[in-house]
Amino acid sequence: MHPTSETEFPQSAGPEDLTPSQQRVVSHRDGPLLVLAGPGSGKTRVVTRRIAQLVASGVSPHNILAITFTNKAADEMARRVEELLPGSRVWVSTFHRFCARLLRRHAEFVGLKPNYTILDTSDQKTALKAIVRDLDIDAVLFSPARIGYEISNAKNDLIDAESFVRKYDESVADHRTAIVARVYPAYQKWLLDSNAVDFDDLLLHVATLLSENEELRSELSARYRYLLVDEYQDTNRAQYQIVAALGAAHGNVCVTGDPDQSIYGWRGARIENILRFERDFPATTTIRLEENFRSTKAILRSADRLISYNRQRKVKTLVTDNGEGEPVELLIYENEIREAEGIAEQICDAVERGDRDWSDFAVFMRVNALSRQLELALMRRRVPFQVAAGAAFYDRAEIKDVVAYLRLLYNPADRAAFLRVVNTPLRGLGETSRRRLVNWADRQGVTLLDAAARAGEIESLSKRAARGFAAFAETVSSLSLADAGSVEHLLAQALERTGYLRQWQGSSSEKDQERVANVQELLSAARQFDANYGEETSLEGFLEQTALISDTDALDTSRGKVTLMTLHAAKGLEYPVVFILGLEQGLIPHERATRDAGLRELEEERRLLFVGMTRAREELYLTQTEQRSFRGRTLRTIPSDFTPELECSVRRPGRSPSALPTWRPLPATADGTIDAARPLLTTAADLLNGTNAAAKLPIGFSVGSQVRHPRYGVGTVVDVGGFGHRRTVTVAFQADDRRETFVAAKSPLQPIGRPAP
DNA sequence: CAGGCCGTGCTTTTT
DNA sequence: GCACGGCCTG
């Protein structure tokens, strides 16, 4: 069984292996369909079956378009459709890929040429830095990254540069908005001059294209008569508009999703999109898939209990016929080293006993930076593992450099690509010379590459610099796919003629050797691409693939490896045994979500944990440390506000039994009922002795809770103030009427629960 | 112009 | 803790 695919079922066709709800989804033919699918409810399977059913009932595969969020989901769905309908060629694509293709065909409409290139975030930063400098903006105040984030948000909300400026003119805006209003249009001009787009443009341009071009819209509506959109709860406004435009004419729009798994609000996803689908598409059929085929009862109950604390939510029940299974456990360790060791040991033990394979295990964390100690612990034990993300392959400098050569070749106007490689490897073309070249090119209205070819005409340049530019231009123009025959050979030629690898060859440094190896890896990726596409191989296709690839795509699903990844990356996956690291304030929920005390963000954090928990099939472990080093500092931790909301047992591995907390009966759940089903189990709430009231405060210490201080002893919290890392708590200590105020994050205060009634 | 040293500040999450 | 940017030197 694939550890990374959703719960699989017998593949035999026929309705008998479907639940009645699932069957209704599969057999639904025309008109809008909303599928609210809980975790592990067999959603992917049902959707693929529905596609097969459409084809069986006479719909041409050509008329079906399935859109997913990630490449992995698209591949998985395509694989399953292929299984059911060999050779049917239904188009399964991600939003970004679909838009990239469409834009390729209609580039002129938005002022681009068909050979546009796609910028990544680091190119974006380069561009913004140059723009901020040219506009003479006080860059100290707002980093290019910050401005880029604002622009990205605007684009996701369908606000193009002109609208942004107009809105700014009409309103009394703050300083930041004023700066963005200047940078945004300049950035778009820069992109247009570069014949390039960023990720968000792919969506925005296509949304614009569809809303302004009636003819194209009806052509596409006619072509894609049946739309299926997965993870609809994570669509942003731009994606929403694309779906609406494509589906308006026929209304054959089937969206699937789960509001409880909406975890991308921070990058513009609008949970409302799924909540208002029924209003947007009148006469929608809504079907709920609430039966879970993945997890044990214990896991599901704990996750369900957690998510029930969200107020902004459509209530949905999760049920399963699966067995009770092992209780969910909260493992408490002294520090992150013990934590890593504990997890590694537990994994090794299970594998050595023969109970499990390495690939049965996954460890999720809130932020990538947290994986370090665990990686070390796994390495010490020679446990095979893989990390999704971290320094993703296509994010590495050497890979970006080499790809930039190809980009420049394909799109000679690509400024970011030019500036990236013109002096890589070093050609003595420093900052000053480059700026002179750019100025000249802009005055002449030619591309940077053209300017480099004509460097002899640029008077401000030194002889040496002029020669360097000319040589660079010549090298680039000597390369062509037609001559090379394949992308792989083209790459090899580029490497050879630029002498790119020479800078590291012969070096004994491990880093340098890794760089060379990475470039070799890119060569074999190119070879693979050539092989896949044969005669059809193209630079365009290869560049699109490299630009739109993501971290999790590289995950090795079949081989025996423990997998480490962020909670976000875990969506859509499942594993027999799951560990979730760091159930601590500031981590889960993340500090940013607690800082402004915004309920929206806090609830998204809760959903994130919910997503992580519901990935587990048989065993689920959550960990917490008493102190954790992070960003080079060691701090005492505060247990997560979410801990009391879970149903789990608490264990302190490596401690004597006397250190165990006293177990008490379950406290009331959110709706006030007592869960009497498992009286022997305690919730982690008992550790904090938190009642639900205590859990309502957004930060760890709440008024009335008892704490211990190493010097002053036991006391009661009488006041809290401030936010985030500035959060303060005032404690009245029992000994000599002492009252002290502490900065919560920096104090050695330890919560020990409420005084007994 | 390049390379090295030192200080700062940062990080959520990703197509 | 680490990466990046700024500054200084060769």
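Quick note on labels: first sequence line is chain A, next is B, and so on, each numbered from 1.
- Listed nucleotides: B/dT13, C/dG1, B/dT15. Nearest to the side chain of A/Arg631: C/dG1.
- Of the charged side-chain nitrogens involved, at least one lies within less than 4.0 Å of a carboxylate oxygen, so that A/Glu431 and A/Arg434 count as a salt-bridged pair.
- Proximity of A/Asn423 to the phosphate of B/dA2: a side-chain N or O atom is located under 4.0 Å from OP1 or OP2.
- In this structure, A/Thr121 does not reach the B/dT14 phosphate: none of its side-chain N or O atoms is under 4.0 Å from OP1 or OP2.
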Treat a base pair as Watson-Crick or G-U wobble with both distances under 3.5 Å, then lay out DNA chain B in dot-bracket form, 5' to 3', with | for cross-strand pairs. ||||||||||.....
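- Taking all atoms of both residues into account, the shortest heavy-atom contact from A/Ala404 to A/Arg420 is CB-CD, 4.0 Å.
- Atom pair A/Asn368:CG and C/dG1:P shows a separation of 19 Å (rounding to whole Å applied).
- Here A/Tyr264 does not lie in a stacked arrangement on the base of B/dT14, lacking the combination of planes under 30° and ring centres under 5.5 Å apart.
- When heavy atoms are screened at a 4.0 angstrom cut-off, A/Leu429 is found touching the sugar-phosphate backbone but no base atom.
- Nearest-nucleotide mapping onto DNA chain B: of A/His590 and A/Gly430, the residue sitting toward the 5' end is A/Gly430.
- OP1 and OP2 of B/dT14 both lie 4.0 Å or more from every side-chain N or O belonging to A/Thr70.
- Residue A/Asp198 contributes atom CG, which lies 18 Å from atom P of B/dT14 at whole-angstrom precision.
- The side chain of A/His96 approaches B/dT15 more closely than any other nucleotide in the set B/dT14, C/dC2, B/dT15.
- Under the 6.0 Å distance and 45° angle rule, A/Lys571 counts as a cation-pi partner of A/Phe69.
- For the pair A/Ser629 and C/dG1, the criterion of a side-chain N or O lying under 4.0 Å from OP1 or OP2 is not met.
- Taking atom CZ on A/Phe199 and atom C1' on B/dT15, their separation rounds to 6 Å, with Å as the unit.
- The A/Phe630 side chain lies nearest to B/dT11 when the options are B/dT11, C/dC2, B/dC1.
- Residue A/Lys129 places at least one side-chain N or O closer than 4.0 Å to OP1 or OP2 of C/dG5.
- For the pair A/Leu564 CG and B/dT13 P, the computed distance is 14 Å after rounding to whole Å.
- Taking atom CG on A/Asn156 and atom P on B/dT15, their separation rounds to 14 Å, with Å as the unit.
- Distances shown here put every side-chain N or O of A/Arg427 at or beyond 4.0 Å from the OP1 or OP2 atom of B/dA2.
- Across all non-hydrogen atoms, the minimal contact from A/Gly499 to A/Pro425 is O-CG, 4.1 Å.
- Atoms CZ (A/Arg435) and P (B/dC1) sit 11 Å apart, rounded to a whole Å.
- Exactly one residue among A/Glu584, A/Arg338, A/Glu339 makes a side-chain hydrogen bond (donor to acceptor under 3.5 Å, both in side chains) with A/Thr625. That residue is A/Glu584.
- To the nearest 0.5 Å, the span separating OG1 on A/Thr546 from CD1 on A/Ile118 amounts to 8.0 Å.
- Cation-pi geometry between A/Arg270 and A/Tyr240 is not met at under 6.0 angstrom from the ring centre and within 45 degrees of the axis.
- In this entry the distance linking CD of A/Glu431 with P of B/dA2 reads 11 Å, nearest Å.
- To the nearest angstrom, P of B/dC1 lies 12 Å from CG of A/Leu426.
- Note on A/Arg407 versus A/Asp123: salt bridge recorded, some NZ/NE/NH1/NH2 to OD/OE distance being below 4.0 Å.
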